[in-house]
Protein chains: 2
Amino acid sequence: MQSYTEENYLKVIYHLSEANHPVQTNAIAERIQTKAASVTDMIKKLSEKELVNYVKYQGVTLTEKGKLTAINIVRKHRLWEVFLVDKLNFKWDEVHEVAEELEHIQSNLLIERLDEFLDFPKVDPHGDPIPDKHGNFAELAFVKLSKLNSGDKGTITGVSEHSSSFLKHLEKLGLTLGKRIEIIEVLEFDGSVELFVEQQKTNISREVAKHILITKN
Amino acid sequence: MQSYTEENYLKVIYHLSEANHPVQTNAIAERIQTKAASVTDMIKKLSEKELVNYVKYQGVTLTEKGKLTAINIVRKHRLWEVFLVDKLNFKWDEVHEVAEELEHIQSNLLIERLDEFLDFPKVDPHGDPIPDKHGNFAELAFVKLSKLNSGDKGTITGVSEHSSSFLKHLEKLGLTLGKRIEIIEVLEFDGSVELFVEQQKTNISREVAKHILITKN
DNA sequence: TTTATTGTTTAGACAAATCTAAAAATTTTA
DNA sequence: TAAAATTTTTAGATTTGTCTAAACAATAAA
């Protein structure tokens, strides 16, 4: 298989990919905390292994093979996060670093048994969908909270930012997965949002609202 | 901390150590499946980090610091084995390779929570003792089955060989952890042993008997 | 106690992943 | 569209862990 490092590159390229647009060298370098020159080196290697399509100066896209590999790593990462939260009582802001390590353990049996043990979860503790073993994602109808208008109601079903500081902030405001919310008002001035959570009025900035995912219902 | 590779060297040196006797370069090379020259290189590095005591041509011993590190890896390995068998229904002969990977995950919180989740097990699925977080082992009174005499009775509480083929063989004979046995006869000729397990007469070679650990009772 | 054997170390080389500095290509700005 | 700014690549070096071949040390055998 691939090395730990190669797997990380594939995962990062996957996360930075949008609608088949090529990913830039610098974008990868920043995410992986390395230098652009190192990224070029590694991309060449991945290209030789046919895991990415690479055209000099044009950025990279994942091949089908590369994409499957990347999705499998995402699957493992998210299943381990569920394990840590559901079974070992980790908080949702404590799981990321450990899952970054666990995702590289090589054993199909392990991951299938873990999936079963966790009762085939469809989303991780941040509401991100967990692909099945064939790489298929369940369809989830998310909307960014920042896209809602006054009067809209829904349930918090995900977040798109996983930093500990952000998640702790949400926790403090009571804005955790599964909570029902209702928009009171969206301020013209700065896009900040006033809303109800469990009969409590709360205010959040537009920046925070952008990273909370809502299922309308 | 140390690299994956350094951790493996420490663990192997720990397992090869007996009563503070220095471990030979070649012994390490064989266990780690590498060349003696590579072992010498790595030993020098570990010595600079004060994880081993090293005298040219005299072999290595672990320093206190090195020993604690090694024991911690052993602790993690054995806890993960319990997890795999007790929670994910792995068989006792399927856990070793995966645990070899899992033992290198760096997170104290993870391992303490895992310990708790497993209800603080004292032994792994092969009967090997699990050190606590301070590196202390519970005292276990094992005797090799090959040391018993006709008429002796006891319970199988461990094995000292973890290969899949050996463990599958035991399974086939019904010689698994917790089973009570009684020695019928030890043959002068080849040291093979005739014994009762659950009213069944069975014969095992001296070689097999040496790797089965018994608590007399 | 010299010789043979076995075990260990050194020297020099290599692959993987990274880096810095400089060159080249691309994009933006004027 | 030419100059400036940005981005990417190349060239060459470094670190980690490994290797082979040869030299060296310790032990066993004659």
Side-chain angles (χ1 to χ4, degrees), chain A residues 1-18 20-62 66 69-70 73 100-101 103-104 106, chain B residues 1-18 20-62 66 69-70 73 100-101 103-104 106:
Chain A
M1 257 283 164
Q2 299 81 216
S3 70
Y4 189 108
T5 313
E6 286 174 293
E7 290 194 347
N8 273 336
Y9 272 88
L10 291 174
K11 186 184 58 165
V12 163
I13 294 166
Y14 175 78
H15 283 309
L16 292 173
S17 290
E18 274 174 30
N20 275 349
H21 278 271
V23 177
Q24 300 198 115
T25 304
N26 261 356
I28 299 169
E30 205 199 335
R31 262 292 261 277
I32 258 162
Q33 289 287 56
T34 188
K35 296 295 144 75
S38 311
V39 174
T40 303
D41 291 342
M42 181 55 85
I43 283 172
K44 280 186 189 162
K45 195 177 153 190
L46 294 173
S47 178
E48 266 160 42
K49 294 194 176 185
E50 307 202 310
L51 292 160
V52 300
N53 307 114
Y54 171 54
V55 185
K56 266 192 197 178
Y57 292 98
Q58 303 297 133
V60 281
T61 57
L62 293 171
T69 308
I73 298 161
E100 290 280 308
E101 289 192 57
E103 72 190 7
H104 300 290
Q106 301 290 353
Chain B
M1 255 286 163
Q2 298 81 214
S3 71
Y4 189 107
T5 312
E6 286 175 293
E7 289 193 348
N8 273 336
Y9 271 88
L10 291 175
K11 186 184 59 166
V12 163
I13 295 167
Y14 175 78
H15 283 309
L16 292 173
S17 291
E18 274 175 29
N20 275 349
H21 277 273
V23 176
Q24 301 198 114
T25 304
N26 259 358
I28 299 170
E30 204 199 336
R31 262 295 259 278
I32 258 161
Q33 289 288 56
T34 187
K35 295 296 143 74
S38 310
V39 174
T40 303
D41 291 341
M42 180 56 84
I43 283 173
K44 281 186 187 161
K45 195 178 155 192
L46 293 174
S47 179
E48 266 160 41
K49 293 194 176 185
E50 307 202 312
L51 292 160
V52 300
N53 307 113
Y54 171 55
V55 184
K56 266 191 197 177
Y57 292 99
Q58 304 296 134
V60 281
T61 56
L62 293 171
T69 308
I73 298 161
E100 289 281 308
E101 288 192 58
E103 72 189 6
H104 299 290
Q106 302 290 352

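Source: prediction; values computed, not measured. A, B, ... follow the sequence lines: proteins, then strands. Residue 1 opens every chain.
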Exercise for review: Report, as a single string ordered 5' to 3', how protein heavy atoms within less than 4.0 Å touch nucleotides 19-25 of chain C: B base, S sugar-phosphate only, - not at all.
Suggested key: BB---BS

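Dense packing is recorded around CD of A/E100, with more than 12 heavy atoms of other residues, nucleotides or ligands lying under 6.0 Å away.
Per the geometry, CD belonging to B/Q58 stands 11 Å off C1' belonging to C/dT8, to the nearest Å. Atom CD in A/E7 sits roughly 16 Å away from atom P in C/dA16 (whole-Å rounding). Nucleotide C/dG7 holds its P atom 10 Å from the CD atom of B/E30, rounded to whole Å. The separation between A/E48 atom CD and C/dA16 atom P is 10 Å, rounded to whole Å. As rounded to whole Å, 11 Å separates atom C1' of D/dT9 from atom CD1 of A/I43. If you take NZ of A/K44 and C1' of C/dA15, they are 16 Å apart, rounded to a whole angstrom.
When the side-chain contact (heavy atoms from CB on, under 4.5 Å) test is applied to B/N26, the partners found at least two apart in sequence or on another chain are B/A36.
Contacts of A/T5 with the nucleic acid, taken as non-hydrogen atoms under 4.0 Å apart, involve only primed sugar atoms and P, OP1 or OP2. Across all strands, B/Y9 comes closer than 4.0 Å only to sugar-phosphate atoms, never to a base (heavy-atom distances). Using a 4.0 Å heavy-atom cutoff across all strands shown, A/T25 reaches sugar-phosphate atoms only and no base atom.
Put simply, A/Q24 has no side-chain N or O that comes within less than 4.0 Å of OP1 or OP2 on D/dT7. Taking 4.0 angstrom as the limit, B/Y54 places none of its side-chain polar atoms (N or O) nearer than this to OP1 or OP2 of C/dT8. Put simply, B/N26 has no side-chain N or O that comes within less than 4.0 Å of OP1 or OP2 on C/dT6.
Taking the side chain of B/M42 as heavy atoms from C-beta on, and the options D/dA26, C/dT10, D/dT18, the nearest nucleotide is D/dT18.
No side-chain heavy atom of A/Y14 sits under 4.5 Å from any side-chain heavy atom of A/T69. Annotation: side chain of A/Y54 is not in contact with side chain of A/E48 (no heavy-atom distance under 4.5 Å).
In this structure, the separation between CD1 on A/I32 and NZ on A/K11 is 8.5 Å, given to the nearest 0.5 Å. Distance CG/B/L10 to CG/B/L62: 6.5 Å, rounded to 0.5 Å. Remark: A/H15 NE2 to A/R31 CZ distance equals 6.5 Å, nearest 0.5 Å.
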